[in-house]
Amino acid sequence: MPDHLVHAYQSLPVSFTHGDGCYLWDNAGKQYFDALCGISVTNLGHNYPPLTAAIQEQAATLLHTSNLYSISWQQKLADLLCRSAGMDRVFFANSGAEANEAAIKLARLYGHQHDIDNPHIVVMQHGFHGRTMATLSATGSRKVQAGFEPLVSGFLRAPYDDIDAIEAIAANNRNVVAILVEPVQGEAGIVIPGRGYLQALRRICDQQNWLLMLDEVQTGMARSGKLFACQHEAVVPDVMTLAKALGNGVPVGACLCSGVAADVFQPGKHGSTFGGNPLASRAAFTVLESMLEHSIADNAAQRGQQLYDALRQGLAGNQQVAGIRHLGLLLAVEMKSPCQELVSRALQQGLLINVTAEKVIRLLPPLIIDEKQTAQLADRLVDCINHFTL
Ligand SMILES: *Cc1c(COP(=O)(O)O)cnc(C)c1O
């Protein structure tokens, strides 16, 4: 068949026909353990029955009306999200990049409303916020930015997990209006900051009247062992963005805002045709409701610890392993040398994993994984990594 797709992706030579829970099957009938979840999207596993039922019912009732009318599922979802996060309002988008675009626009508007004519947002080295022009400009990776200059201005970059650097910016710059940061850097290789980092950022933002904007697109929705990663430090941000697992595969993004940030957007300032449509809203509502009802975050914390312990033990003698780290089921095995090849090796053995930042094996298994499946996954991973390096 002629190839009519833009060559934006280097796809692996496998195509899946269906999935169930932690497993996927390809068109030859081979079974795979999905330890990636479409990059932390299908956190409740594949073909999650309550979600399937909700989508089916909504598809047979009403798909779309536009934001020119009020949408009851959007209101219900906003209510549950805000109560869960301890925040005030939500703007719905369709992806992580779009949710971050909303956050960036909100921060600029907030600046102008406070007579800062050239508002700047502090972003981090190696941070990732998406592929649209503003979000790739906020992203701290030359690979993402190269070839797309001129970039969007108005971003100031600081090293991650470095409070002194933020204090220095606060002392020297009058144009900053916000910090945009991931609670754990995902694409950078599951980089977990030291304890108290978010609390220190919260304190500086309060002192400076900056907005603390957390990109929880990858860390949110129970992945880290709490519903939102900022809850590990009892920090409530002014703005928080979500997407990926919010719809468990149905595209939906959200920009939550609170306090002074909650009333920045007024009619005419932002919008989206699809954002928060009845199908996406009902799907996300069902996902969140299920996560709360079944204490999915607690399971992520417990299984994350189990997987981490098993990997530590199984890989203890492997000289090629530089380190293992995790927060809930956001887990990384960092190797001493590039290991991209491991992805296709694991694929052959029926295991879906990812390598990011060249040397980091990134594991994002489903949060519904049970104890036995976790033990099996650990065994298979240890086997795969040890065979690869020996
Ligand atoms: C994936 C990701 C994004 C981008 O989300 P898209 O839905 O691909 O636009 C933004 N921020 C973080 C932290 C991500 O992991």
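Quick note: residue numbers are just sequence positions, from 1. The analysis underlying the following values was restricted to heavy atoms, covering all of them including side chains, and did not include hydrogens, waters or symmetry mates. Note that ligands are numbered from 1 as they come in the structure, with each ligand's atoms numbered from 1 the same way. Worth saying up front: this structure is predicted, and the values here are computed from it rather than measured.
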| field | Any donor-acceptor N/O pair, Thr139 side chain to Ser141 backbone, under 3.5 Å | value |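 Side chain of Thr139 to backbone of Ser141: no pair is present.
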| field | Gln185 (side chain) donor-acceptor with Glu182 (main chain) under 3.5 angstrom | value |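 No, because the side chain of Gln185 does not come within donor-acceptor range (under 3.5 Å) of the backbone of Glu182.
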| message | I'd like to check atom 8 (O) of ligand 1 in this structure: does the protein have a heavy atom lying under 4.0 Å from it? | response |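 Within 4.0 Å of atom 8 (O) of ligand 1, no protein heavy atoms are found.
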Number the atoms of ligand 1 from 1 as they appear, then name those within less than 4.0 Å of a heavy atom of [X], with their elements.
{"X": "Ser95", "result": "7 (O), 9 (O)"}
{"X": "His129", "result": "10 (C), 11 (N)"}
{"X": "Gln218", "result": "15 (O)"}
{"X": "Lys244", "result": "1 (C), 2 (C), 3 (C), 14 (C), 15 (O)"}
{"X": "Ala97", "result": "4 (C), 5 (O), 6 (P), 9 (O)"}
{"X": "Glu182", "result": "13 (C)"}
{"X": "Asn100", "result": "10 (C), 11 (N)"}
{"X": "Asp215", "result": "10 (C), 11 (N), 12 (C), 13 (C)"}

| query | Which pair of non-hydrogen atoms, one from Pro50 and one from Ser290, has the smallest distance, and what is that distance? | reply |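 In terms of heavy atoms, the two residues are closest at CB-OG, 4.3 Å.
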| said: Let me confirm one number: the CZ-CG distance from Arg89 to Leu106, rounded to the nearest 0.5 Å. | reply: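 The CG atom of Leu106 is 11.5 Å from CZ of Arg89, to the nearest 0.5 Å.
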| request: Just do the ring pair (Phe, Tyr, Trp, His ring centres under 6.0 Å) check on Phe92 and Phe274 with the steps written out, would you? | output: CA-CA 9 Å; Phe92 288 108; Phe274 290 131; over 10 Å; no
| message | As a test of understanding, state which of Leu330, Thr356, Ile353 forms a side chain to side chain contact (heavy atoms under 4.5 Å, CB included) with Arg362. | response |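 The single option meeting the side chain to side chain contact (heavy atoms under 4.5 Å, CB included) with Arg362 is Thr356.
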| request: May I ask you to decide if the ring planes of Tyr308 and His326 are parallel, tilted or perpendicular, using 30° and 60° as cut-offs? | output: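 Parallel: the ring planes of Tyr308 and His326 meet at under 30°.
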| field | Contact check: Gly96 vs ligand 1, nitrogen or oxygen atoms, below 3.5 angstrom | value |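 N/O-N/O distance below 3.5 Å exists for this pair.
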